[in-house]
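Chain naming here is simple, since letters A, B, ... match the order of the sequence lines and numbering starts at 1 in each. In what follows, every heavy atom counts, from backbone to side chain, and hydrogens, waters and symmetry copies are set aside.
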2 protein chains.
Amino acid sequence: MTDPHQPAPPRPTSRDVARAAGVSQATVSLVLGGKWPGRVSEATAQRVRDHAAELGYRPNLAARNLRLGRTRTALLVVPALTNEFFARVYTGAAAVAAEHDFGVVLYPSPDGTGPARAPFASARAALDGVIASSMASDALSALHGADLPLVMLDSDPAGTDAAAHVNLDIADGMRQVTEHLLGLGHRRFVHLASAVDTWTFAVRAQSVREAAGRVPDATVRTVRAPLDVRAGREAAEQALAVTGERPTAIVCDDDILAAGACKAARRLGLRVPDDLSVTGFDDLALATAVEPELTTVRLPAEQVGERGMEALLAVLEGRPAEPGSLPVRLVVRGSTAPPPAASRT
Amino acid sequence: MTDPHQPAPPRPTSRDVARAAGVSQATVSLVLGGKWPGRVSEATAQRVRDHAAELGYRPNLAARNLRLGRTRTALLVVPALTNEFFARVYTGAAAVAAEHDFGVVLYPSPDGTGPARAPFASARAALDGVIASSMASDALSALHGADLPLVMLDSDPAGTDAAAHVNLDIADGMRQVTEHLLGLGHRRFVHLASAVDTWTFAVRAQSVREAAGRVPDATVRTVRAPLDVRAGREAAEQALAVTGERPTAIVCDDDILAAGACKAARRLGLRVPDDLSVTGFDDLALATAVEPELTTVRLPAEQVGERGMEALLAVLEGRPAEPGSLPVRLVVRGSTAPPPAASRT
DNA sequence: ACCTCGACGTTATACGTAAAACCTCGGATG
DNA sequence: CATCCGAGGTTTTACGTATAACGTCGAGGT
C-alpha cells in the first residue's frame with residue numbers, strides 16, 4: 001500500500017535512457033525505432049535496449065504523434081455498440097488495426113441515424129482516418145472535416161466522397177430470403193422493416209419487392225418499427241391482425257425484429273413455422289437463442305470491420321483499396337416452413 | 001471528385017490564426033483556451049475567434065497532449081464487446097466522459113480472463129487512467145504499468161492497488177434469485193455457472209450456496225460452461241439427464257446460459273416453467289426475446305460505466321472517489337414457477 | 001514631472017520524439 | 001601522403017501548443 005498522493009513519478013524519457021546508456025538521445029531513438037542497421041553498432045544497440053527495458057521506458061505517444069504528424073489511430077463511427085452487429089464490426093476492425101500497430105477509437109451515436117451535433121473532436125483523439133458504418137452520408141459530412149480519409153461500410157456507394165467502400169451484398173441476401181419463402185409456397189408477405197432510414201435498409205426493402213414482384217400473385221405489405229424486440233412485436237401484431245387473408249410469412253430487416261415477430265405470433269395463437277414463417281437478418285446470437293431458431297441471413301460482420309480497416313490502411317499508404325462487396329449467406333433454420341394448407345393455392 | 005492524391009492540405013495551426021488576426025500565437029491560445037478575462041480585450045478575442053472559425057482551425061491534440069502532459073483519455077478494459085453487458089458499460093462510461101470532454105478507448109481481450117501479452121500500449125493512445133471491468137487482477141497488473149490511476153469495475157475489492165472500485169451487489173442479486181425459487185418451493189437446484197474464473201462469478205457461486213444452505217433439504221449441483229447459448233444448452237442437458245430425482249430449477253450465471261438451459265429443457269421435453277424453472281442474470285435484451293421471458297436480475301450496466309468514469313475523474317482531480325456498490329433488482333418474468341406437483345414435499 | 005499600476009499583449013520556453021544534417025576518426029585508395 | 005569514405009555516432013531542429021515571464025502604454029495619483 002503506497003501513498004496514493006505521491007505526485008506520480010515522472011515517466012522516463014528517451015533522454016533518461018540515453019543518459020543511462022551513455023549515448024545521445026538520437027541514438028536511443030534510432031535504436032528503438034529499428035533504424036539502426038549501419039548507423040549504430042550492435043553492441044551499442046543492445047546496451048540501449050537493456051537500459052530502456054530496465055528503466056521501463058515507453059515512448060511518449062503524444063510526442064511521437066506530434067513529431068510524425070500521424071497517430072496510427074482510426075475512428076470508427078457506429079450507430080450503437082449494443083447492437084451485436086456493430087460490436088462485431090468493431091472487433092474485426094480492432095483486430096486488423098492491432099496487427100498493424102493501429103488503434104481504433106469509437107464514436108457511438110445514440111440514435112441510429114448518426115451523431116447529431118458534436119464533431120469528431122469529441123472522440124478526443126488525433127486521427128489518421130475515419131471508418132463510418134451504415135450511416136446517412138449527409139449526417140456524416142456534417143461531422144467529417146473533409147480533411148481525413150474516409151472509408152464507408154455498408155452504405156450507399158454513390159454520392160459520397162469516401163475514399164473507399166466496403167459493402168455487403170444485402171440485396172442478394174434479401175433476395176435469397178424472399179425466394180426461399182416463395183419456393184416454400186408463400187405468397188402473402190409482410191416486410192417488417194427498420195424505422196431507420198439508411199441505405200442498408202432501403203436496399204432490403206427494394207430487394208424484397210423486386211424478388212416478390214417476379215411472382216405474379218405475390219403481395220408485400222410493409223410495416224416499420226424501431227430496432228427492438230418490443231417494437232417489432234407490436235408492429236407484427238398489428239400487421240397480423242388483419243381481416244381477410246392473413247399473411248403467411250414475415251420477412252424482417254433484422255433478427256431483433258424477427259424475435260419480436262415470433263412473440264407476436266405466439267400471442268395471437270399462431271405457431272412458428274407451422275402457421276407463420278418468420279425470417280431474420282444478421283444472424284446474431286439471438287437467432288439461435290430463440291425457439292424456433294431463426295432462418296436468417298448470415299452477415300460477415302467481423303469481416304466488414306476487417307476489410308474496412310484494411311481499406312483505410314491502404315488509402316493511408318497511397319495504395320488503392322480493392323473494392324468488391326462481401327457475400328452473405330442464407331441460413332435456413334426452424335422458423336420457416338411451407339404455409340398452412342388452407343393458404344395454399 | 002477531387003484528386004485523391006493531392007497531399008492533404010496542412011491543417012491551420014494556431015500560428016496561422018494568429019497571423020490572420022494580427023496577433024501573436026500566445027494570444028490565440030489564451031482566447032481559445034478561455035483564459036482571457038482581463039488578459040485580452042473582448043474586441044480582440046472576438047477577432048481571434050472569427051478568424052479561427054473562418055480558417056476552420058482545430059487545435060492539434062497531439063501537441064496539446066504533449067504540452068499538458070495529460071490526454072483526457074481513459075482506457076476501458078473489457079473482456080468482450082459482443083457481450084451486451086460490456087457494450088452497455090462502455091456506453092455509460094463514454095457518456096460521462098463526453099460530458100467532461102474526455103475520451104474512452106477500448107482494450108478488448110479475446111478471452112474472458114483478460115489480455116494475455118500485449119500491454120496497454122497497443123491501445124495506441126496516451127492515457128490518463130485505466131478502468132478495468134470484471135477482470136482477474138493478476139492478469140491486469142501484468143499489463144498495468146502501475147503508473148496510471150486504476151478503477152476496477154465489478155471485481156474483487158481486496159488485494160489490488162486500484163484507486164477506486166465500483167461494484168454491483170452481485171451477492172444480493174443471486175441471493176434474491178435463490179430465495180425467490182426457494183419461496184416457490186424448489187429444493188433441487190442446478191447452478192449453471194460461467195467457466196470464466198473471475199470474482200464476479202465466484203461471488204455468484206458462493207451466494208447461491210449460502211442462500212440454499214439456509215434451507216435444510218436444499219441441494220445445489222454446479223456445472224460450468226463458457227458463455228454462449230450452445231455451451232449452456234449442452235451443460236444443462238447433461239445436468240438434467242440424471243437418473244433419480246431431476247432438479248426442478250436451474251440458476252444461471254447469465255441470461256445467455258439461461259437461454260441455453262431453456263433450449264435444453266425443450267429438447268428433453270420439459271416445459272419451462274411448468275416442469276423446470278430457469279433464471280438468468282444481467283437482464284440483457286435476450287431476456288425478453290426468448291419465450292418464456294426470463295426471470296433474471298437486472299444489472300445497471302450503464303451506471304457501472306458511469307460511476308466508473310466518475311470515479312476515475314475524481315481520482316485524477318485528487319478528489320476521493322465515493323465508494324458504495326450499486327443495487328441490483330430481481331425481475332420476475334415467465335421462466336419461474338412452483339415445481340411440478342410430483343416434486344413437492 | 002515622475003512613479004505606479006492595470007490592461008493588453010508579446011516573447012520565450014518547454015513538453016518528448018524523430019530524423020536531417022553534421023561531425024570524427026581509422027583504414028583503404030590513388 | 002593527401003584524400004576519400006563509411007561506420008558510428010552527435011548536434012540540432014521542428015512538430016503545435018500552453019503558459020510563465022516579460023514589455024508597453026496611457027491614465028491617475030502626488
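Summarising the geometry, the separation between CG on B:L30 and C1' on D:dA21 is reported as 13 Å, rounded to the nearest angstrom. The distance between atom CZ of A:R11 and atom C1' of C:dG16, rounded to the nearest whole Å, is 11 Å. Here the P atom of nucleotide C:dG16 and the CZ atom of A:R58 are 15 Å apart, to the nearest Å. Here the P atom of nucleotide C:dG16 and the CG atom of A:D16 are 9 Å apart, to the nearest Å. Between A:W36 atom CH2 and D:dG6 atom P the separation is 20 Å, expressed in whole Å. Atoms OH (A:Y57) and C1' (C:dG16) sit 7 Å apart, rounded to a whole Å. The distance from atom CZ of B:R15 to atom P of D:dC15 is 8 Å, rounded to the nearest whole Å. Atom-to-atom, CZ of A:R19 to P of D:dT11 comes out at 13 Å; the value is rounded to the nearest Å.
Here A:V23 lies in heavy-atom contact (under 4.0 Å) with sugar-phosphate atoms only. Heavy atoms of A:R64 sit under 4.0 angstrom from primed sugar atoms or phosphate atoms, though from no base atom. Residue contacts for A:L66: at a heavy-atom cut-off of 4.0 Å it reaches a base atom on one of the strands shown.
Although no hydrogens or angles enter the test, the distance criterion places no donor-acceptor pair under 3.5 Å between the side chain of A:R64 and the main chain of A:P59. Side chain of B:R70 to main chain of B:N65: no donor-acceptor pair is present (N/O by atom type, distance under 3.5 Å, no hydrogens or angles). Remark: the backbone N or O of B:R72 is paired with a side-chain donor or acceptor of B:D128 at under 3.5 angstrom.
The phosphate of D:dC15 has neither OP1 nor OP2 within less than 4.0 Å of any side-chain N or O from B:T13. Side-chain nitrogen and oxygen atoms of A:S41 include none within less than 4.0 Å of the OP1 or OP2 phosphate oxygen of D:dG8. A close approach under 4.0 Å does not occur between any side-chain nitrogen or oxygen of B:T44 and OP1 or OP2 of C:dC8. Put simply, A:S24 has a side-chain N or O that comes within less than 4.0 Å of OP1 or OP2 on D:dT10.
Between B:R19 and B:D16 there is a salt bridge, since a side-chain N of the basic residue sits under 4.0 Å from a carboxylate O of the acidic one. Between A:R49 and A:E42 there is a salt bridge, since at least one side-chain N of the basic residue sits less than 4.0 Å from a carboxylate O of the acidic one.
Residues B:T27 and B:A63 both approach DNA chain D. Their nearest nucleotides, taken by heavy-atom distance, put B:A63 toward the 5′ side. Residue-to-nucleotide proximity on DNA chain C shows that, of B:G22 and B:G38, the 5′-proximal contact is made by B:G38.
The base of D:dG9 lies close enough to the side chain of A:R39 for a donor and an acceptor atom to sit less than 3.5 Å apart.
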